[in-house]
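What follows is a single structure, written as structure tokens, with notes after it.
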Amino acid sequence: MPSRINLEQTINSGQVFLWQKCGKFWYGINGQDVLKCNGMGVVESFCGGVTDFFGTSRDDVIVRKSISRDKRVCDAMMQYPGLRLLKQDTFQCMITFITSTNASIQKIQAGLKMLCRKFGNMVEFDGLEFFLFPEPDILAHASLAEIQKCGIGYRSKYVKHAAQMISDGTINLEDAGKMKYHEARKYLCDIPGVGNKVADCILLFSLEMDEAFPLDRWVLRILQEYYPDFEINTKSITEKQYDIIHDMAVEYFGPHAGHAQQFLFKMERDKHNKKWL
DNA sequence: CCAAGGCCTGAATG
DNA sequence: ACATTCAGGCCTT
């Protein structure tokens, strides 16, 4: 039985940063669209089109049954029955996680808001003003100095270069979604500012690739603390170690390992009282 | 001065 | 000659 989506749990799980609660509704920027949601899902879209932002088209029963092979993931699913993996705008997702390196959630959010305010179009929706996410062309042609004013530091040049690669067609994010997992991850790593971790975030949060298993400091900590069989003994990992650990994770958690990662990540951060949006 | 959801570069190793 | 690993640096609050 598929459980209902819970906005609080889903928005506050580190997948998105441009969301805010206004009264009883959540509003979020998704590319050139603004989504308005109640506690359970999208109720209105600025563009008026149908979006499957919450990935309701995927068979959640299959996914949950698959990752419930692990006891701890099972517990986390009980704790967060409404947590879902999203299908975000791919370009926004890419820029988001490029800016996320070495940054806290609050800092990521501040930087992205500035990018939107400076380079995105302002629209009025539901009596409120929003700044949409900058389009690839705009960021590609923006001056580096202007991008730097958004407070994203050394990531600025990556943002510009990455936007250029999307803008001129060197990289096609939708194409990545059609490749096999390892090929897709490698393909995305050609983008400046994108390493294995960021590539996995793009694949998992916007391209429905469930084998993607972002290995950040938190997930590494989780694995070494609760999964001794993984034998994680380093704090930071090399390219090759990333591969090995990733493949072990898919072997253990199954083809939908990325979902397992999201539940574990959410649970561990809450346990440490880390702040969300 | 340190920490915060990595990535890139150059140099050393095998 | 290669493929890996290692150590710093990096913007900002």
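Scope of the values below: all heavy atoms of this structure, side chains included, with no hydrogens, waters or symmetry mates. Chain identifiers are assigned alphabetically (A, B, ...) following the order of the sequence lines, protein sequences preceding nucleic acid strands; residue numbering begins at 1 within each chain.
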**Item:** Rounded interatomic separation in angstrom, taking CD1 from Ile244(A) and C1' from dA3(C)
**Value:** 14 Å
**Request:** Can you tell me the distance, in whole Å, between the CD1 atom of Ile98(A) and the P atom of dC10(C)?
**Result:** 20 Å
**Prompt:** OP1, OP2 of dG5(B) versus side-chain N and O of Arg269(A): anything below 4.0 Å?
**Reply:** yes
**Prompt:** CD1 of Ile108(A) versus P of dC7(B): gap in Å, rounded?
**Reply:** 12 Å
**Request:** Ignoring backbone atoms, test whether Lys157(A) places a side-chain nitrogen or oxygen under 4.0 Å from the OP1 or OP2 oxygen of dC11(C).
**Result:** yes
**Asked** How far, in whole Å, is dG10(B) from dC11(C) if one measures between their P atoms?
**Response** 15 Å
**Request:** Send over the distance from Leu112(A) CG to dT12(C) P, rounded to a whole Å.
**Result:** 16 Å
**Prompt:** Is there a residue in residues 142-154 of chain A whose heavy atoms reach under 4.0 Å of DNA chain C, and which residues are they?
**Reply:** Gly151(A), Gly153(A), Tyr154(A)
**Watson-Crick/G-U partner (both atom distances under 3.5 Å) of dT13(B)** = dA3(C)
**Fill in**
The answer to which of Asp216(A) and Gly193(A) contacts DNA chain B further toward the 5' end, by nearest nucleotide, is Asp216(A)
**Message:** For a quick test of reading the model: is some side-chain N or O of Thr238(A) closer than 4.0 Å to OP1 or OP2 of dT5(C)?
**Reply:** yes
**Request:** Using a heavy-atom cut-off of under 4.0 Å over every strand shown, decide if Val219(A) touches base, sugar-phosphate, or nothing.
**Result:** nothing
**Asked** Reckon Lys266(A) touches a base, only the sugar-phosphate, or nothing at all at heavy-atom distances under 4.0 Å?
**Response** nothing
**Asked** Heavy atoms under 4.0 Å, any strand shown: does Pro192(A) hit a base, just sugar-phosphate, or nothing?
**Response** sugar-phosphate
**Item:** Inter-nucleotide P distance (dC6(C), dA4(B)), Å rounded
**Value:** 22 Å
**Message:** Rounding to an integer number of angstrom, what distance separates dG5(B) and dG8(C) when you compare their P atoms?
**Reply:** 23 Å
**Complete:** Rounded to whole Å, CG of Asp243(A) lies from C1' of dT4(C) at a distance of 13 Å
**Asked** Any side-chain N or O of Arg217(A) less than 4.0 Å from the OP1 or OP2 oxygen of dG6(B)?
**Response** yes
**Asked** In terms of side-chain heavy atoms of Lys197(A), which of dC8(B), dC11(C), dG6(B) is nearest?
**Response** dG6(B)
**Request:** Give the rounded distance in Å between these two atoms: NE2 of His272(A) and P of dG5(B).
**Result:** 12 Å
**Message:** Without decimals, in angstroms, what is the distance between Asn102(A) CG and dT13(C) P?
**Reply:** 15 Å
**Separation of dT4(C) P from Tyr242(A) OH (nearest whole Å)** = 18 Å
